[in-house]
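Numbering of ligands and ligand atoms starts at 1, following listing order.
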Amino acid sequence: MEQKLKAILETGLAEIKLVKDKNSLLDFKIKYLGKQGELTSILRGMRDVQPQDRPKIGVLVNEVREKLEGAYLEKEKYFNDLDLQKELEKSSIDITEPSRGIERGELHPTTKMFNKLIDICVAMGFQVVEGPEIETDYYNFEGLNIPKNHPSRDMQDTFFITENILLRSQTSSVQVRAMESMKPPIKIIVPGRVYRNDSDGTHSPVFHQLEGLVIDENVSMADLKAMLTSMMGKVFGETTKIRFRPSFFPFTEPSVEVDVSCPSCKGTGCKVCKGSGYLELLGAGVVNPKVLEMSGIDSKKYRGFAFGFGVDRFAMVYYGITDLKNMFKNDARFLNQIK
Ligand code: DAH
């Protein structure tokens, strides 16, 4: 039996040297390592071996099997490598060529401005709240003291879906939602997309606003002014000045239009600000007590102020972008310039 095993090993190792292709390698595998192969038949013959010799023979069988299997695997790897080599030579892709690198993308200027404004406000203690873009007439208008058929609705050309459902025309809608669901003190900002049936050189049917609302026991117009001065300073630089002009919004009383000294010329007058030194950038005011009451907030105890700005316009001023259309074209060549 021992002799036989040694002979199998010797012929096997000699034979594998002669194997020239995958087919004869398979024949080798069947002949020596297969179920009907030489080693298996030896194992079957074990019952004829003297019991005391069986362990020794068993060890020997395993040794021979391991050696033949090793030789087989080595040959198999050799053939596989050869195939891969041939495959690579055929293909036109040079995997050793250095990479061209990945171009780094850039966030949209409006997104960058949003991030900047939100960071500033969160550092001032504001909580970020969001609301739906498809809104009811109540939250977009009535709850903000803009009743049906009131002329002040004409200020915003609205996309109505049904008589009662619309695409929100202002993030102020979320003021009402927040006042209903939160208890004062409230200090929130609302970033979001808004829609108006408006499209020309300076208006887009879709644009972005950031709304702010503060409600507490002792807040006033002075707090509003201080807060906006600080905020605008952080956006456009510490020397930025702001200016209040009387205005009208149904949900604030008094209402103001807030101008910011032109970041481009620092207030001396240039093309950007059309020589005035100031840019009209946001609306604000003291929350109308009627609005507080409608949402269930005691207007004897609490007062509030609010503000809302167009974030696209902020981004345009900040990055020196002159054409609003570029903001909504998604042209990578434009975005790449704003770094
Ligand atoms: N919602 C107004 C608009 O879209 C902007 C605005 C004005 C928001 C005054 C306010 C505010 O919160 O107090 O024109």
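In this structure, Leu167 belongs to a hydrophobic cluster whose other members, linked by side-chain heavy atoms under 4.5 Å apart, are Ile134, Phe159, Ile161, Ile165, Tyr195, Val206.
Side-chain polar atoms of Asp312 and Thr110 form a donor-acceptor pair below 3.5 angstrom. No side-chain donor-acceptor contact under 3.5 Å links Asn164 and Thr162.
The backbone N or O of Asn218 lies less than 3.5 Å from no partner atom in the side chain of Asp216, so there is not a single donor-acceptor pair. Under the 3.5 Å distance criterion, the side-chain polar atoms of Arg196 are left unmatched by any main-chain donor or acceptor of His203. Side chain of Glu133 to backbone of Arg193: no donor-acceptor contact under 3.5 angstrom is found. Using a distance-only test at 3.5 Å, with no hydrogens or angles considered, a donor-acceptor pair links the side chain of Thr40 to the main chain of Gly34.
Here is the list of ligand 1 atoms found below 4.0 Å of a heavy atom in Gly308: 8 (C), 10 (C), 12 (O). Every atom of ligand 1 is numbered from 1 in the order shown, and the set under 4.0 Å from a heavy atom of Gly283 is 7 (C), 9 (C), 11 (C). Heavy-atom contacts of Gln156 reach the following atoms of ligand 1: 3 (C), 4 (O), 14 (O) (cutoff under 4.0 Å). Each of the following atoms of ligand 1 lies closer than 4.0 Å to a heavy atom of Gly285: 13 (O). Close approach of ligand 1 to Thr252 (heavy-atom distance below 4.0 Å) involves ligand atoms 13 (O). The Gln170 neighbourhood of ligand 1 comprises atoms 1 (N), 2 (C), 3 (C), 4 (O), with distances under 4.0 Å to a heavy atom of that residue. For ligand 1, the atoms closer than 4.0 angstrom to any heavy atom of Phe249 are 7 (C), 9 (C).
The proximity of Arg196 to ligand 1, defined as any non-hydrogen pair under 4.0 Å, is limited to the side chain. Only the side chain of Ser172 comes within 4.0 Å of ligand 1, judged by heavy-atom distances. At a heavy-atom distance under 4.0 Å, only side-chain atoms of Gln175, from C-beta outward, approach ligand 1.
Taking CZ of Phe160 as the start and CG of Asn197 as the end, the distance is 11.0 Å to the nearest 0.5 Å.
Any N or O atom pair closer than 3.5 Å counts here, and Phe307 shares at least one such pair with ligand 1. Looking at ligand 1, you'll find an N or O of Ala306 within less than 3.5 Å of one of its N or O atoms. Annotation: Ser169 places no N or O atom under 3.5 Å from an N or O atom of ligand 1; distance criterion only.
Closest protein heavy atom to atom 12 (O) of ligand 1: Glu211 OE2, 2.6 Å. Nearest to atom 11 (C) of ligand 1 among the protein's heavy atoms is Phe251 CE1, 3.5 Å.
Between Phe314 and Tyr318, the distance separating the two ring centers is not shorter than 6.0 angstrom.
Judged by the 6.0 Å and 45° rule, Lys225 forms a cation-pi pair with Phe244.
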